Amino acid sequence: MRLKKLFLVLIFITSFMLVCALLQPNIVIDKDEIDLNSNDFPSVNAYNCFGSLSKYINVENNIDNKNIGEYYIHSKVKYLIYNFKKSFIVHVVDNVNPNISLNGERESYVCPGKDYVEEGYTASDNYDGDITDNVIVDKQNDLIKYSVRDKSGNYSEIERKIIFIDREEPIIELKGGNDIYIYKDNKYIEMGYTASDNCDGDITNKVISTGTVDTTKVGTYTINYEVIDSSNNKTSIKRNVTVRERPIYYGDGIIYLTFDDGPSNLTGKILDILDEEDIKATFFVTKGGEYVKRAYNSGHTIALHTYSHNYSYVYASESNYFADLNNVSNSVYNTIGIRPNIIRFPGGSSNTISRNYNKGIMSRLVNDVTNRGYIYFDWNIDSNDAGGDGYNSNKIYNNVINGLSHNKTNVVLMHDSSSHSSSADALRDIIKYGKNNGYSFKAISSNTPVVRHGVNN
Ligand code: ZN
């Protein structure tokens, strides 16, 4: 009886195992979708009632994880005499949202009452690339919504807020510069100003200026200019007006050699002579450049003459004159980093040629340049090296030494443009004469007593 029971159990187990071995195994895949570019490939498993059949599985696939699509996985399970096959479909999918980026800020400030001008945007997608053209812009009053969808349906949106506020302060520009120098007892002339605002435009008429200049007292005075735009942004700016003591007009017996119209190659030769004699001089230049740099570094005074030296242009109007002066000032500034305030008018302040182009312009310019802080110099000894018979070093020498006096400020006019080699030839003898006769040589400075002609126009 006991044996029979055991036998039945054995029969049962054997049948079960036989059935199990005959039945098709279960072949399963763990996922049927993977993300684009991910290396997370699906894995296939097989088992039957004995347990896992992993070691009998052979799997093949054609998955390209860099391309969206439908791919096949073919699996085979081979054991005993069996050969089971099963195929699966796997999708490579894009689940990444596209990216929108805005030019400008997420909060954009716009003048009240003005339209927002689109600053631009771009959209890109990990799979589709540039999809800027697909962006949908939805504008509602002060909110702009930018949205885009990629080919897989992934969606992104971003917002820009428009704030209708003027946050920028207006700008005041002073004509004639922020620093003005005038001589005591001269009249202070307000040169004017302009004011502009990013939203309101020209608001010059809203500028309020306060402050006074007492030209009877030496000192620095401040004029304040203030303007407020329609959104209450305020700007204020100052102009310093310095009232100076009028320079002394009597002589000091010093020789101030001055060279006009350079620099040129001749300037180098003149600088050599000045260096050897240890003399400082003054160059009224037409531009900057290496010779100007050398002269400046050697301690000579760089002063401004004219950029064009074209009388018909320079004296046609005050604005032409200052444009020309500004040109030479800029050129010098680019060379030595300073803007000289000592100047000489083309033809001198006494020139009459300017009458041909603008009656009375010299009378106005002598005040204008002074109000702008310039000190102009003429000369009282003409070497006549630019005159009709001037190209003779002996005559140049005599013209100069005959004009010298211990009782005056000796400002000698010479030229260092390239055609004046005879001036360089006369120079050493002029210096020797001066040294032998008790003169000293100096470069003109702001403190040098001015030497000026009478104005004839
Ligand atoms: Zn000149």
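Since the model is a prediction, treat every value here as computed from it, not as a measurement. FYI, side chains are in, hydrogens and waters are out, and symmetry mates aren't considered; it's all heavy atoms of this structure. Order of appearance sets the numbers: ligands from 1, and atoms from 1 within every ligand.
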Which atom name does [X] have for its N/O/S atom nearest to the Zn ion (ligand 1)?
X	value
His309	NE2
His305	NE2
Asp261	OD1

Between [Y] and [X], is the closest basic N to carboxylate O distance under 4.0 Å?
X	Y	answer
Arg364	Glu318	yes
Arg428	Glu277	yes
Asp425	Lys269	yes

(request) Determine whether the side chains of Asn310 and Ser312 contain a donor N or O and an acceptor N or O closer than 3.5 Å. (result)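 Looking only at side-chain atoms, Ser312 and Asn310 do form a donor-acceptor pair, the distance falling under 3.5 Å.
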
(request) Verify the distance criterion only: is there a donor paired with an acceptor across the side chains of Thr204 and Asp202 at less than 3.5 Å? (result) yes

(request) Taking both backbone and side-chain atoms into account, decide whether His415 has an N/O/S atom under 2.8 Å from the Zn ion (ligand 1). (result) no

(message) Within 2.8 Å of the Zn ion (ligand 1), is there any N, O or S atom belonging to Asp260?
(response) no

